[in-house]
Amino acid sequence: MKKATMTLDRAYVISKIDPRIYGSFIEHVGRAVYSGVYEPGHPTADKNGFRGDVIEMVKALKMPLVRYPGGNFVSGFNWEDSIGPREERPKRLDLAWFTTETNEVGLHEFAEWCEKAGAELMYAINLGTRGVDAARNIVEYMNHPAGSQWSDLRIRNGRKEPFGVKLFCLGNEMDGPWQIAHRTAYDYGCVAREAAKAMKWVDPSIELVACGSSNSSMETFGEWELTMLDECYEHVDYVSLHQYYGNPTNDTPGFLARSMNMDDFIHTVSSICDAIKGKKHSKKSVNLSFDEWNVWYHSKEKDEEEWKKARWGRALSLLEDVYNFEDALLVGSMLMTLIRNADRVKIACLAQLVNVIAPIMTRPGAGVWAQTIYWPLMHASIYGRGTSLKPIVDSPVYDCADYEKVPVIDAAATMDDEGNVTIFAVNRDMADDVCLSVDLRSFEKLSLKEHILLHHDDVKAVNTHDNPDNVKPVAGNGGEIDHGVLQIPLKALSWNVIRLVVEG
Ligand code: AHR
């Protein structure tokens, strides 16, 4: 069997993990909201029309944060359309997704959904077709206690207590030519700065995310961050990163190495933030919000067909990627990349949550099921809390199209306040199991509580409504700890969660 070693030391601390890195995203697109989280008439629907079975699946993820309402959608969205009596809300053409938005689900309903799901609302404002005025008004509507036009309107609309939203995105992907009212980096930096000033004057307790690049392949990547941060650095708290990967050429080893690109992307954006900090002699650091990340490529052709059938329709089946087992492995590696960068990445959102490039799928009038990628997200969110430890890994390597020396074993480790340790590991080897030997001698006596394994013999295996348990975690074979060293075999192509607890 191939061998790899890992040294963990309780003193090799990367950072405390901000639980918000296990967030997700719901946009008004496709069947994410309508016929996803919201389906009045469904047997499990609550008084607002939200499906109870979906909420249960979200709760099982212990999801701390949900970004909303877009995405590209937000750049043409009038937030005022989404408040007040439902029957009076306007229907609008959504130019981002060529569908009709009825505003049947609006701010109040969605905020209540978040409360029920136990997740904080991260709200994106429109810096495409709107600007500073709408931005300050929505903060007043959401967070000001009472006694002003917008806060009193909130109260009249049935919500006495402020929503207390603490995290706002200053627009979405404003570097992308596909964005409604796309801006130059300089223009965006100026409008982000002015919106940020006004929003924080209304509520100084809020935190703000400026739009970074839509992905690391954008021609403007780097220059965009430098230029826009030069304008707004002192007024924002985070810069966003977005990234999706695909495997259109069916190159599994290359695909599984894409998380290394995510790691490079994070380091480059952190360096740019620090360069601007240096240039400005600033005392504050701007951290990162990786607020869209996932695998996304399976559904792209189907979307074109859907639009041909029903341009300006509602609840179209858009962006409905059916995820396979290899996608779950890459999602596992992307989660570990976030954990290992916990010193800079404080927020992250798997894009998205329900039906649209999502871990959770629904069928109207019928059931809900977990896609393959649901499982690593759930494991990381539940067990990846506390402190991120720096794993020193010595692993066999392989070369692929974009990267040389890709480690076969990709790993991250966390320690909770009681000293319990969780190791996450993907074995990227296509054929061979690898025996991982972990030096744990710096910890109190640990014993192996659980080894969770996600594996399927077919990398293209998927879960469906009628076969929801095809790819599902099972108990792994575990390993032995002898004199503080754990020996554990990791199956070829597998996601592993190794839970070690303090004895006694
Ligand atoms: O998540 C789907 C889309 O991907 C979002 O609307 C946009 O921000 C990104 O391009």
Side-chain angles (χ1 to χ4, degrees), residues 2 4 6 173 175-176 178 212-226 239-272 288 290-301 321 323-341 344-345 348 350-351 357 372-373 376-377 380 390-412 424-432 434 459-460 490 492-495:
K2 286 185 180 167
M6 176 194 287
E173 294 189 351
D175 63 320
W178 57 86
S213 293
S214 300
N215 59 70
S216 59
S217 309
M218 294 295 291
E219 236 175 80
T220 48
F221 170 48
E223 190 57 46
W224 171 272
E225 281 78 359
L226 282 166
V239 172
S240 75
L241 298 85
H242 291 181
Q243 189 74 52
Y244 298 95
Y245 298 116
N247 187 12
T249 56
N250 196 17
D251 163 19
T252 299
F255 175 64
L256 295 181
R258 302 301 286 158
S259 54
M260 293 174 71
N261 174 272
M262 184 187 201
D263 195 59
D264 288 344
F265 189 16
I266 291 171
H267 291 146
T268 307
V269 178
S270 309
S271 309
I272 293 175
L288 311 189
F290 215 124
D291 46 43
E292 284 188 38
W293 68 269
N294 202 348
V295 171
W296 177 14
Y297 74 108
H298 298 282
S299 62
K300 294 216 165 161
E301 280 169 25
D321 273 43
Y323 290 113
N324 60 32
F325 171 58
E326 68 181 11
D327 298 330
L329 294 178
L330 181 62
V331 163
S333 281
M334 292 174 85
L335 283 159
M336 292 191 290
T337 306
L338 295 171
I339 293 171
R340 288 192 303 260
N341 286 289
R344 292 311 292 261
V345 181
L350 177 82
I357 43 174
T372 59
I373 61 170
L377 178 68
K390 188 171 176 56
I392 310 295
V393 178
D394 188 4
S395 157
V397 294
Y398 64 90
D399 293 342
C400 63
D402 290 330
Y403 284 93
E404 288 179 355
K405 296 196 170 54
V406 179
V408 160
I409 297 298
D410 187 21
F424 301 97
V426 165
N427 180 357
R428 292 177 169 128
D429 200 295
M430 297 289 286
D432 291 325
V434 174
V459 286
K460 306 296 179 190
L490 304 180
L493 293 176
S494 62
W495 159 256

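Separating the OG atom in S299 from the CD1 atom in I357 is a distance of 7.5 Å, to the nearest 0.5 Å. One finds the CG atom of L335 at 7.5 Å from the CG atom of L350 (value rounded to the nearest 0.5 Å). Interatomic distance, CD1 of I266 versus CE of M262, reported as 5.0 Å (0.5 Å rounding). Separation of atoms CZ (F221) and CZ (F265) is listed at 5.0 Å; rounding is to 0.5 Å. Atom CH2 in W495 sits 9.5 Å away from atom CG in L329 (nearest 0.5 Å).
Contact check for D399 versus E404: side-chain heavy atoms found under the 4.5 Å cut-off. In this structure the side chain of F255 never reaches within 4.5 angstrom of the side chain of V459, judged on heavy atoms. Taking the side chain as every heavy atom from C-beta outward, C400 and R258 never approach each other to under 4.5 Å. Side-chain atoms of L256 and L493, non-hydrogen and from C-beta on, do get closer than 4.5 Å to each other. By the 4.5 Å heavy-atom criterion applied to side chains, N294 and Y323 are counted as neighbours. Residues N261 and S216 have side chains in contact (heavy-atom distance under 4.5 Å, counting atoms from C-beta outward). Annotation: side chain of D327 is in contact with side chain of Y297 (closest heavy-atom distance under 4.5 Å).
Looking only at distances, no side-chain donor or acceptor of D432 sits under 3.5 Å from a matching main-chain atom of K2. T337 places no side-chain N or O within donor-acceptor distance of the main-chain N or O of D263, the cut-off being under 3.5 Å. Looking at D291, its side chain never comes within 3.5 Å of a backbone N or O of A348 through a donor-acceptor pair. Of the possible donor and acceptor atoms, none in the side chain of Y403 sits under 3.5 Å from a partner among the backbone N and O of A257. Checked by atom type and distance alone, the side chain of N427 never pairs as donor or acceptor with a backbone atom of S494 at under 3.5 Å. T372 contributes a side-chain N or O that, together with a main-chain N or O of N324, makes up a donor-acceptor pair within less than 3.5 Å.
The heavy-atom pair separating A412 from R340 by the smallest distance is CB-CG, 4.1 Å. The shortest heavy-atom contact between V331 and P376 is CG1-CG, 4.1 Å.
Between S214 and D175, the side chains place a donor N or O and an acceptor N or O closer than 3.5 Å (distance only, hydrogens not considered). Looking at R428 and S259, their side chains do bring a donor and an acceptor atom within 3.5 Å of each other.
Note: W296 and Y244 have perpendicular aromatic rings, judged against thresholds of 30 and 60 degrees for the angle between ring planes.
Under a cut-off of 6.0 angstrom, the local environment of NZ in K405 is sparse, with at most 12 non-hydrogen atoms contributed by other residues, nucleotides or ligands.
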Please determine whether ring pair (Phe, Tyr, Trp, His ring centres under 6.0 Å) holds for the pair W293 and Y245, giving the CA-CA distance in whole Å, both sets of side-chain angles, and the decisive distance to 0.1 Å.
CA-CA 8 Å; W293 68 269; Y245 298 116; 9.6 Å; no
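Results of the side-chain hydrogen bond (donor to acceptor under 3.5 Å, both in side chains) test with S213 over E173, Q243, E225 single out E225 as the only residue that passes.
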